[in-house]
Amino acid sequence: MKECIVAGVQIAIQPNKPEENTRKVIEWIEKAVEFCKPQLIVFPETITTGFVTKLSREELWDLVDTIPGKYTDMVAEACKKFGVYVCFPTYERGEKRGEVYNAAPIIAPDGSIAGCYRKTHLFPPEKGWCDPGTKVEIIETPFAKIGTIICFDGDYPELSRSLGMQGAEIILRPSALLRSFDIWDLTTRARAYDNHVYMLAVNAVGSDGGGTNYFGNSMIVSPVAQHLALGNAAECIVYAKLDPDPLRYISYGCSTPMIFHHMEDRNIDVYQDILKMSQAQFPKFGS
């Protein structure tokens with residue numbers, strides 16, 4: 001990894017207006033470049049429409065586009081103009097009408113799609129209009145190896161661990177979180193500390209087609225769980241310069257050397273049953 005500047009941009013959308021929202025994304029790419037000169041810019045989950053659209057699968061499929069497609073092409077032009085990587089989360093049109101994915105393509109400075117992650121852990125209501133993805137991947141850039149999860153994925157340590165095992169140095173978490181700040185903060189910082197990686201977690205603000213109001217508080221977290229940047233509940237840019245040698249000391253502002261690493265010090269012999277499904281010990285609502 002090389003020293004780099006990364007940014008998260010939390011902006012409010014117009015519900016179900018993908019072209020207008022994409023144009024706003026492009027405006028804020030320029031603002032971020034002027035403000036902090038980042039190599040990577042990340043936007044919130046489903047930035048082209050909002051998370052809850054109140055549309056059927058078929059209506060949502062008709063509204064959004066493929067990847068690559070019209071909207072990623074618009075952002076690609078901005079990436080080329082400003083020489084940045086952009087994570088541009090959006091619902092993605094699948095091959096068949098009604099097949100929709102919650103996706104997070106990363107667009108490179110040459111305008112190509114460097115990679116595209118599809119959300120694998122769908123929030124329960126989301127299963128009514130989305131299909132789950134089936135794989136994770138690492139994107140290699142000149143400055144870092146990058147993995148992506150989306151919102152509810154951050155509740156599942158195994159997913160981020162898989163990215164860590166594949167060599168991720170930065171994990172992106174574009175989100176439209178429907179729970180509390182405490183859960184947002186806890187899970188993001190835990191995933192950073194679990195795997196000793198940087199987390200760039202960008203949460204929605206404003207409201208969507210379902211009338212949900214989002215609280216923002218986007219954050220950048222270090223491999224020792226320190227907030228390097230923390231946004232508020234308004235439209236804003238969060239950014240940080242990432243150190244390529246972040247584990248020299250056991251904690252921030254502390255002289256004690258780091259003598260462990262969660263990835264290397266695992267006792268994998270006790271994890272033999274980790275990939276078996278299990279029943280919850282407590283009932284959830286309505287069960």
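Only heavy atoms go into these numbers, but all of them, side chains included; no hydrogens, no water, no symmetry mates. All values derive from a computational prediction rather than experimental measurement.
- Under 4.0 Å is where a charged nitrogen must lie from a carboxylate oxygen, and between Lys31 and Glu34 no such pair does.
- Note: Leu177 CG to Phe51 CZ = 9.5 Å, rounded to the nearest 0.5 Å.
- Distance CG/Leu186 to OG/Ser180: 9.0 Å, rounded to 0.5 Å.
- At a threshold of 4.5 Å between non-hydrogen side-chain atoms, the residues Glu3 and Lys241 count as touching.
- Closest non-hydrogen pair, Ile150 versus Ala104, comes out as CD1-CB, 3.9 Å.
- Ring pair His262/Phe260 is tilted by interplanar angle, where 30° to 60° counts as tilted.
- Between Tyr214 and Asp208, some side-chain heavy-atom pair lies under the 4.5 Å cut-off.
- Comment: Glu19 engages Arg23 in a salt bridge, judged by a side-chain N to carboxylate O separation of less than 4.0 angstrom.
- Residues Met258 and Val224 have side chains in contact (heavy-atom distance under 4.5 Å, counting atoms from C-beta outward).
- Using a distance-only test at 3.5 Å, with no hydrogens or angles considered, a donor-acceptor pair links the side chain of Thr22 to the main chain of Pro18.
- Annotation for Met263: atom CE counts as buried by contact number, over 12 foreign heavy atoms lying within 6.0 Å.
- Remark: the Ser112 side chain and the Asp110 side chain contain an N/O donor-acceptor pair separated by less than 3.5 Å.
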*Given the rule in the side chain to side chain donor-acceptor pair (under 3.5 Å) test, do Glu45 and Ser175 qualify, once you have shown the distances and angles that lead to the verdict?*
CA-CA 4 Å; Glu45 179 182 13; Ser175 300; 5.2 Å; no
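- Checked against the 6.0 Å centroid criterion, the rings of Tyr85 and Phe143 qualify as a close aromatic pair.
- Taking each heavy atom of Ala78 and Ile29 in turn, the nearest pair found is CB-CD1, 4.1 Å.
- Using a cut-off of 4.0 Å between Lys/Arg side-chain N and Asp/Glu carboxylate O, Glu99 and Arg57 are scored as not salt-bridged.
- Using a cutoff of 4.0 Å between basic side-chain nitrogens and carboxylate oxygens, Glu58 and Lys96 are not scored as salt-bridged.
- Proximity of Phe43 to Cys87: side-chain heavy atoms (C-beta onward) are nowhere separated by under 4.5 Å.
- Taking CD1 from Ile13 and OG from Ser207, the interatomic distance works out to 7.0 Å, rounded to the nearest 0.5 Å.
- For the pair Ile146 and Leu40, the minimum side-chain heavy-atom distance is below 4.5 Å.
- Between Asp73 and Lys70 there is no salt bridge, since no side-chain N of the basic residue sits under 4.0 Å from a carboxylate O of the acidic one.
- We find that Arg97 and Asp62 are joined by a salt bridge, their nearest charged nitrogen and carboxylate oxygen being less than 4.0 Å apart.
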*Step by step, would you call Leu172 with Ile149 a side chain to side chain contact (heavy atoms under 4.5 Å, CB included)?*
CA-CA 6 Å; Leu172 314 182; Ile149 61 177; over 6 Å; no
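- The side chain to side chain contact (heavy atoms under 4.5 Å, CB included) check on Lys17 picks up Gln14, Glu20, Asn21, with sequence neighbours excluded.
- Smallest separation of non-hydrogen atoms from Ala144 and Glu169: CA-OE1, 3.3 Å.
- For Glu59 (side chain) and Ser56 (main-chain N/O), a donor-acceptor pair under 3.5 Å exists by modelled atom type.
- No side-chain donor from either of Asn102 and Arg118 sits under 3.5 Å from a side-chain acceptor of the other.
- For Tyr239 and Phe35, the distance between ring centers is under 6.0 angstrom.
- A donor-acceptor pair under 3.5 Å links the side-chain atoms of Gln281 to the main chain of Gln279, judged by distance alone.
- The SG atom of Cys236 sits 11.0 Å away from the CD1 atom of Ile11 when rounded to the nearest 0.5 Å.
- For the atom pair CZ (Phe181) and CG (Asn203), the distance works out to 10.0 Å, reported to the nearest 0.5 Å.
- For the pair Gln10 (side chain) and Ser218 (backbone), a donor-acceptor distance under 3.5 Å is present.
- Considering every non-hydrogen atom in both Val205 and Ala234, the closest pair reads CG1-O, 3.9 Å.
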*Apply the test side chain to side chain contact (heavy atoms under 4.5 Å, CB included) to residues Lys119 and Cys151: give CA-CA distance (whole Å), side-chain angles for both, the deciding distance (0.1 Å), then the verdict.*
CA-CA 8 Å; Lys119 189 175 184 180; Cys151 201; 4.1 Å; yes
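- Within the 4.5 Å cutoff, no side-chain heavy atoms of Ile106 are placed close to those of Phe88.
- Geometrically, Arg93 engages Trp61 in a cation-pi contact, judged by NZ or CZ lying under 6.0 Å from the ring centre and within 45° of the ring axis.
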_Applying side chain to side chain donor-acceptor pair (under 3.5 Å) to Asp153 and Thr120, what does each step give before you reach the verdict?_
CA-CA 7 Å; Asp153 284 330; Thr120 51; 3.3 Å; yes
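- Atom CG of Leu55 and atom OG1 of Thr49 lie 8.0 Å apart (nearest 0.5 Å).
- Between Phe152 and His121, the distance from one ring center to the other does not fall under 6.0 angstrom.
- In terms of heavy-atom proximity, Ala168 sits nearest to Val197 at O-CG1, 3.3 Å.
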*Assess whether salt bridge (Lys or Arg N to Asp or Glu O under 4.0 Å) is satisfied between Glu235 and Lys24, documenting all intermediate values.*
CA-CA 12 Å; Glu235 294 188 317; Lys24 186 171 184 178; 2.5 Å; yes
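- Side chains of Pro89 and Thr46 form no contact here, defined as non-hydrogen atoms less than 4.5 Å apart.
- Side-chain atoms of Ser160 and Arg173 include no donor-acceptor pair closer than 3.5 Å.
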*side chain to side chain contact (heavy atoms under 4.5 Å, CB included) between Arg189 and His227: does it pass, once the steps are laid out?*
CA-CA 8 Å; Arg189 295 175 70 197; His227 285 138; 3.5 Å; yes
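- Checking Val42, Ile170, Leu200 one by one against Ile220, the side-chain contact (heavy atoms from CB on, under 4.5 Å) holds for a single residue, Leu200.
- Using a distance-only test at 3.5 Å, with no hydrogens or angles considered, no donor-acceptor pair links the side chain of Thr90 to the main chain of Glu92.
- Here the side chains of Ile237 and Trp28 are in contact, with some heavy-atom distance below 4.5 Å.
- Considering all non-hydrogen atoms of both residues, Trp184 and Val202 come closest at CH2-N, 4.0 Å.
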_Worked verdict on Leu242 versus Val6 for side chain to side chain contact (heavy atoms under 4.5 Å, CB included)_ = CA-CA 8 Å; Leu242 305 189; Val6 299; 3.9 Å; yes
